[in-house]
S.K.: 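Sharing a structure here in structure tokens format.
Throughout, protein chains are lettered first and strands after them, A, B, ... in sequence-line order, and every chain is numbered starting at 1.
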Protein chains: 2
Amino acid sequence: MNRRSVSIQDIAEAAGVSHSTVSRALHDSDLIRPEVRQRIQQIAHEMGYTPNAVAQSLKGQRTNTIGLVITSIADPFAGRVVRGIEEIAQANRISLLLSVSYNDPELEMEIIETFHRRRVDGVISATAQIRGPYVERLAQIKMPTVLINQQAESEADRLHSVDADDYAGARQAVEHLLELGHRKIGYLGVGNRVQSNRRRFAGYCDTLSSAGIAVDAQWVRIAPTVNNPRADDVLDGQAMLPELLPTGVTAVFCYNDQIAVGVLMACRELGLRVPEHLSVVGYDDVDLASYVTPPLTTIHQPKLRLGAIAMQMLLDILEGKAVQSRILPNELVVRASTAPPAGQ
Amino acid sequence: MNRRSVSIQDIAEAAGVSHSTVSRALHDSDLIRPEVRQRIQQIAHEMGYTPNAVAQSLKGQRTNTIGLVITSIADPFAGRVVRGIEEIAQANRISLLLSVSYNDPELEMEIIETFHRRRVDGVISATAQIRGPYVERLAQIKMPTVLINQQAESEADRLHSVDADDYAGARQAVEHLLELGHRKIGYLGVGNRVQSNRRRFAGYCDTLSSAGIAVDAQWVRIAPTVNNPRADDVLDGQAMLPELLPTGVTAVFCYNDQIAVGVLMACRELGLRVPEHLSVVGYDDVDLASYVTPPLTTIHQPKLRLGAIAMQMLLDILEGKAVQSRILPNELVVRASTAPPAGQ
DNA sequence: CTCTATACTGCACACGTGTGCATGGGTCAT
DNA sequence: ATGACCCATGCACACGTGTGCAGTATAGAG
């Protein structure tokens with residue numbers, strides 16, 4: 001069983017030269033006589049030689065690999081972000097090491113350690129939140145890191161980030177509902193993505209306050225935190241809506257599109273019509289949002305750009321360029337799930 | 001700038017022993033005196049040592065990394081499969097190198113070469129089709145490979161696969177429609193996933209034939225093949241349906257759920273009611289299928305299991321066990337998009 | 001013909017880890 | 001006291017690649 005693949009040493013023997021010569025020849029070095037160079041390349045090709053990236057990584061400093069942590073592959077938001085990352089990575093011949101954390105802090109630490117062991121050049125993290133020991137460890141091992149949608153308060157200099165503006169997005173959503181004439185507006189959030197939920201909720205509260213509306217605690221529901229990876233936002237949304245109805249809200253702003261879809265399904269069960277009886281606004285603008293009935297009014301996040309910019313930022317860091325964290329704007333997309341309240 | 005991280009050599013100097021002793025101590029070798037062993041482990045911990053997996057990979061034969069090729073991250077089917085793979089991989093401390101091929105044969109070859117350069121232990125391919133040079137190269141470099149949903153006709157011994165039974169699934173879908181009383185049943189397929197489309201189409205044709213129904217070529221539409229990565233099945237479905245209507249079909253069997261969703265949207269535009277005016281059956285049973293209105297009757301594919309089994313199969317191959325390709329059953333899920341035809 | 005400059009190639013080491021073999025020192029029995 | 005034996009450790013090489021430096025051969029110049 002000839003399991004071992006051909007090395008430059010093998011080529012060297014076949015060509016009657018030293019492995020150094022082969023190495024240089026394959027790199028088109030001027031040091032090697034053109035005819036020899038060509039002959040060696042010919043032999044290498046015939047022997048089906050493929051350079052061993054592991055050895056190259058050991059020798060050089062770069063592995064041309066970056067680690068990617070996301071919370072779930074099933075999450076369509078993450079999917080689009082990863083795609084943005086992947087496109088830039090591929091163009092720069094960088095390989096992607098993918099890991100999924102399911103929002104588990106322990107698992108997250110373990111993933112970082114694995115990335116470190118593998119000596120990735122950098123890490124992009126699109127997880128829900130950065131925690132103390134996590135940040136500390138990242139700083140200790142000096143691993144270049146870019147965070148997506150975490151709006152870390154620049155705790156450490158090493159941490160760069162690219163975010164979409166949750167707060168402003170939430171404000172747009174609620175302002176849209178206010179403009180339609182709604183006064184009693186509910187909020188359905190999630191408990192396991194603390195930071196982003198807090199920002200969107202803050203945008204919701206502040207916008208209502210600005211309009212002179214006191215937020216009623218009964219209008220707000222946050223899905224309980226569960227570590228169950230099978231946790232499903234749609235089901236949560238579906239379960240939470242009925243609790244909200246007795247309060248008389250005429251519109252609901254949801255943490256994301258999945259929650260909003262859950263609301264749609266609950267409405268269908270209850271015989272409520274959207275948007276006639278209830279207006280619904282989602283967040284993210286995933287594909288799903290435009291496929292459901294009625295198509296969701298939502299806040300569009302530039303998912304591909306978030307990923308692409310994060311990847312480019314990481315590349316810049318690796319080249320020693322100075323980079324600056326960025327915040328991208330979100331954008332309201334009005335579809336058919338919102339309308340003036342029934343009374344008007 | 002102390003960019004280099006600590007090595008066992010550094011620990012050896014700090015402990016006043018040789019690097020061999022450190023290596024053995026960290027592996028809890030009996031050869032090292034317990035007190036020395038413990039002291040070395042202590043020092044290693046204090047210095048923040050993390051073993052260099054690159055060097056370990058170079059020395060040993062395994063990299064504990066596998067390459068994963070999929071056609072698109074946005075594809076919800078692929079997402080679930082990847083998740084099944086990831087769970088098993090994580091449990092076995094295997095890292096995943098993710099690449100996306102966008103159905104581009106050239107890109108696919110390039111990805112395989114990259115995986116080979118990186119000396120991954122094996123490859124799982126969930127791309128649309130295996131082509132000649134691709135197979136040839138895989139055989140040449142003897143890289144253990146498991147294919148998902150490609151039903152390769154065991155062209156090479158090295159190629160193993162795990163599939164869901166497309167043909168039987170398609171038969172179930174069409175039989176369901178026949179039982180409801182439909183006689184004129186359309187098929188909407190895709191052009192860029194040749195193999196699976198062919199199998200599902202064959203199931204469609206044979207089932208109709210068995211029922212004594214001659215398939216009318218007008219009932220069938222295949223979305224044109226485009227290399228545009230932005231190609232979107234939903235849009236294709238939406239575009240194809242109107243061409244089908246003049247033929248008087250009362251039901252449509254779609255290649256996958258996205259096509260079916262496109263059909264739903266087209267019906268909405270045209271004022272057709274589903275299932276009263278038209279019955280629609282999808283394929284895959286992605287999350288989306290149960291969220292649209294009406295929820296789709298579809299063929300459920302065991303996506304997580306496909307991924308998990310593929311990964312386990314690859315692990316078995318790596319351990320030298322004999323493995324056998326498998327075909328899993330699909331299963332009809334009846335929801336609300338199918339009903340007896342209008343006439344009845 | 002001899003000296004020098006130049007073009008080309010090999011030697012040897014490095015990257016970080018793992019391991020067979022030899023070696024050193026100690027213990028024990030004769 | 002001496003030999004046999006065992007335990008703990010170090011030496012040296014290996015994995016595959018890249019590169020500074022030294023060395024050789026050839027050509028060109030005087």
S.K.: For Glu35(B) and dA8(D), what is the distance between atoms CD and P respectively, to the nearest whole Å?
M.R.: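 It works out to 9 Å between those atoms.
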S.K.: Whole angstrom is fine here: how far is it from CG in Asp10(A) over to P in dT17(D)?
M.R.: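 In whole Å, dT17(D) P lies 9 Å from Asp10(A) CG.
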S.K.: Select from Ile8(A) and Gly16(B) the residue whose nearest nucleotide in DNA chain D is closer to the 5' end of that strand.
M.R.: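 So the residue in question is Gly16(B).
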S.K.: Base, sugar-phosphate, or nothing: which does His27(A) touch, judged by heavy atoms less than 4.0 Å apart?
M.R.: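 Answer is sugar-phosphate: His27(A) comes under 4.0 Å of backbone atoms only.
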S.K.: I'd like to know if Glu87(A) and Arg83(A) make a salt bridge, using a cut-off of under 4.0 Å between side-chain N and carboxylate O.
M.R.: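 Answer for the salt bridge query: yes.
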S.K.: Take the protein atom CD1 of Ile40(B) and the nucleotide atom P of dG18(C), then report the distance between them rounded to whole Å.
M.R.: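 Going from Ile40(B) (CD1) to dG18(C) (P), I get 13 Å.
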S.K.: Mapping Ala55(B) and Pro34(B) to their closest nucleotides on DNA chain D, which lands nearer the 5' end?
M.R.: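 First, find each residue's nearest nucleotide; the 5'-ward one identifies Pro34(B).
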S.K.: In whole angstrom, what separates Leu31(A)'s CG from dG23(D)'s P?
M.R.: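 The distance from CG of Leu31(A) to P of dG23(D) comes to 18 Å, rounded to the nearest Å.
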S.K.: Does His19(A) get its side chain close enough to the base of dG18(D), under 3.5 Å, for a donor-acceptor pair?
M.R.: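 Flag set: donor-acceptor pair detected.
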S.K.: Rounded to whole angstrom units, what separation is found between the CG atom of Leu26(B) and the P atom of dG18(C)?
M.R.: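 For the pair Leu26(B) CG and dG18(C) P, the rounded distance is 8 Å.
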S.K.: Within the pair Thr21(B) and dG10(D), is there a side-chain N or O less than 4.0 Å away from OP1 or OP2?
M.R.: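 Checking Thr21(B) against dG10(D): at least one side-chain N or O falls below 4.0 Å of OP1 or OP2.
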S.K.: Between dT9(C), dT17(C), dT19(D), which nucleotide gets closest to the side-chain atoms of Asn52(B)?
M.R.: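 Among dT9(C), dT17(C), dT19(D), the one nearest the side chain of Asn52(B) is dT17(C).
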S.K.: In whole angstroms, how far is the P atom of dT17(D) from the CZ atom of Arg119(B)?
M.R.: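 Answer to the nearest Å: 7 Å.
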S.K.: Classify Val36(B) by what it touches in the nucleic acid, base, sugar-phosphate, or nothing, heavy-atom distance under 4.0 Å.
M.R.: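 The residue Val36(B) makes sugar-phosphate contact but no base contact.
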S.K.: Answer whether the closest heavy-atom distance between the side chains of Leu315(B) and Ile94(B) falls below 4.5 Å.
M.R.: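 SC-SC contact between Leu315(B) and Ile94(B) confirmed.
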S.K.: Should Arg93(A) and Glu110(B) count as an ion pair when the cut-off is N to O under 4.0 Å?
M.R.: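 Looking at Glu110(B) together with Arg93(A), the answer is yes, because their closest N to O distance falls below 4.0 Å.
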S.K.: Between Gln56(A) and dG16(D), does any side-chain N or O lie under 4.0 Å from OP1 or OP2?
M.R.: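 For dG16(D), OP1/OP2 do not have a side-chain N/O of Gln56(A) under 4.0 Å.
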S.K.: Tell me the interatomic distance from Asp30(B), atom CG, to dC6(D), atom P, rounded to whole angstroms.
M.R.: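 Rounded to the whole Å, the gap is 16 Å.
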S.K.: Scan side-chain atoms only and decide if Arg118(B) and Ser95(A) contain a donor-acceptor pair under the 3.5 Å cut-off.
M.R.: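 Note: Arg118(B) and Ser95(A) side chains meet the donor-acceptor criterion.
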S.K.: For Arg37(A) and dA7(C), give me the distance from atom CZ to atom P, rounded to whole Å.
M.R.: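 Spelled out: CZ on Arg37(A) to P on dA7(C) is 13 Å.
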S.K.: Pick out which of Gln38(A), Arg37(A), Arg33(A) makes a side-chain hydrogen bond (donor to acceptor under 3.5 Å, both in side chains) with Glu35(A).
M.R.: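 Running side-chain hydrogen bond (donor to acceptor under 3.5 Å, both in side chains) over Gln38(A), Arg37(A), Arg33(A) with Glu35(A) returns exactly one hit, Arg33(A).
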S.K.: So what does Ser20(B) hit on the nucleic acid, given a heavy-atom distance under 4.0 Å: a base, only sugar-phosphate, or nothing?
M.R.: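 Here Ser20(B) touches the bases of the nucleic acid.
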S.K.: OP1 or OP2 of dG18(C) less than 4.0 angstrom from a side-chain nitrogen or oxygen of Arg24(B), does that happen here?
M.R.: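 For dG18(C), OP1/OP2 do not have a side-chain N/O of Arg24(B) under 4.0 Å.
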